[in-house]
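Being a predicted model, the structure only gives us computed values, none of them experimental. Whatever order the structure lists ligands and atoms in, that order sets their numbers, starting from 1.
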Amino acid sequence: MSLAPFRFADLRQESDGRDELLAGLLAERAMIPPKYFYDDLGSRLFAAICCLPEYALTRSEARLFAEHGSDIARATGTGRLMVDLGAGDCGKAAGLFPLLDPAGYVALDISADFLRDALERLRRRFPALPMAGVAIDFTRSLDLPESLLTPAGAPRLWFYPGSSIGNFAPDAAREFLARIARACIDAPGGALLIGVDLVKDKAVLDAAYDDALGVTAAFNLNVLNVVNRLLPADFDVADWRHVAFFDAAASRIEMHLEARREVTVRLDKLTRQFAAGARIHTEDSYKWTAAGFAALLNEAGFAKLKQWQDADGGFALFLAELV
Ligand SMILES: C[S@@+](CC[C@H](N)C(=O)[O-])C[C@H]1O[C@@H](n2cnc3c(N)ncnc32)[C@H](O)[C@@H]1O
């Protein structure tokens with residue numbers, strides 16, 4: 001079996017990560033950005049979260065793709081270069097290949113080894129499709145080497161599913177979407193297909209981020225293992241517990257790690273003491289109304305929108321174009 005071209009580039013800069021982590025952990029309100037969840041184990045734990053009965057988001061999105069796939073394909077057209085932002089196991093994009101018939105696939109993710117393994121498997125399923133993998137922190141830059149964006153000239157479909165946009169506060173989300181809009185100006189014909197979790201009942205959202213099996217707790221706590229390796233630091237996971245809740249006023253899930261007792265932690269060459277009950281903020285996951293997210297896309301520069309929403313109004317897919 002002959003395989004279509006495949007390239008993999010690692011554009012991450014590890015030293016930046018150490019400074020960012022140290023600044024966050026020494027801040028008065030200690031925080032760890034959510035992108036650090038995703039080492040190999042974190043990526044696997046996230047895949048497990050998507051199977052949990054409480055985490056309906058992935059199933060709602062999959063239902064929308066199943067029910068409206070042909071309509072979505074008519075709207076996007078076929079033969080595009082699909083650029084997957086935070087591809088994870090690449091499963092969502094792969095599910096759409098038969099419908100969207102892309103000319104190429106470029107998967108971006110910060111979790112390099114997990115991405116490379118996923119793409120190796122995907123190449124065997126779709127041997128004729130040109131593919132590239134890029135290990136990158138796309139909050140720093142979305143500039144991609146043209147040599148990876150093949151076939152050249154194919155109109156691009158930026159694919160950002162799973163409501164990952166929810167990790168950005170509204171102003172930062174607008175700015176990130178505007179960067180994608182600018183990329184659609186630079187390479188004309190571009191479009192964005194994005195999935196967004198919508199505001200819903202607090203009890204449903206609380207459970208989605210604090211499941212009975214404790215998988216989300218393990219995902220949250222594992223970030224301390226990542227920090228221990230990267231800084232290095234000496235967090236003991238057993239000293240911390242998972243806290244997650246929906247703040248309706250801010251329209252966001254907050255995830256924290258809370259000290260079970262007074263803890264002193266070595267952070268590279270420094271130390272920090274955390275009182276019992278002190279928290280480290282690890283993630284926000286903003287929930288949008290469909291109208292609010294449509295307005296955000298408009299403000300980011302996307303003038304033409306098409307949207308699909310599930311029957312219970314829990315999740316929305318948007319196709320956003322410039323004109
Ligand atoms: C919530 S998961 C979503 C995975 C998959 N797209 C889905 O919808 O199920 C977020 C994905 O984005 C990746 N990611 C998070 N922050 C990132 C960043 N700053 N740059 C690149 N990838 C990032 C993670 O490694 C992870 O695979």
Exercise for the section: Go through Arg182 and Glu175 one step at a time and tell me if the salt bridge (Lys or Arg N to Asp or Glu O under 4.0 Å) criterion holds. Expected result: CA-CA 10 Å; Arg182 284 196 290 276; Glu175 176 48 31; 3.2 Å; yes
Practice task
Could you tell me whether Tyr105 and Phe159 have their ring centroids closer than 6.0 angstrom?
Solution key: no
Practice task
Please list, by chain and number, the protein residues whose heavy atoms come under 4.0 Å of ligand 1.
Solution key: Lys35, Tyr38, Phe46, Gly86, Gly88, Lys92, Asp109, Ile110, Ser111, Ile136, Asp137, Phe138, Thr139, Pro161, Gly162, Ser164
Practice task
Verify whether the ring centers belonging to Phe37 and Phe219 lie closer than 6.0 Å.
Solution key: yes
Exercise for the section: Start with the C-alpha distance between Arg116 and Asp113, add both sets of side-chain angles, then the distance that settles salt bridge (Lys or Arg N to Asp or Glu O under 4.0 Å), and finish with yes or no. Expected result: CA-CA 5 Å; Arg116 194 192 291 266; Asp113 294 342; 5.0 Å; no
Exercise for the section: Please find out if less than 6.0 Å separates the ring center of Phe318 from that of Phe293. Expected result: yes
Exercise for the section: Establish, yes or no, whether a centroid distance under 6.0 Å links the rings of Phe114 and Tyr38. Expected result: no
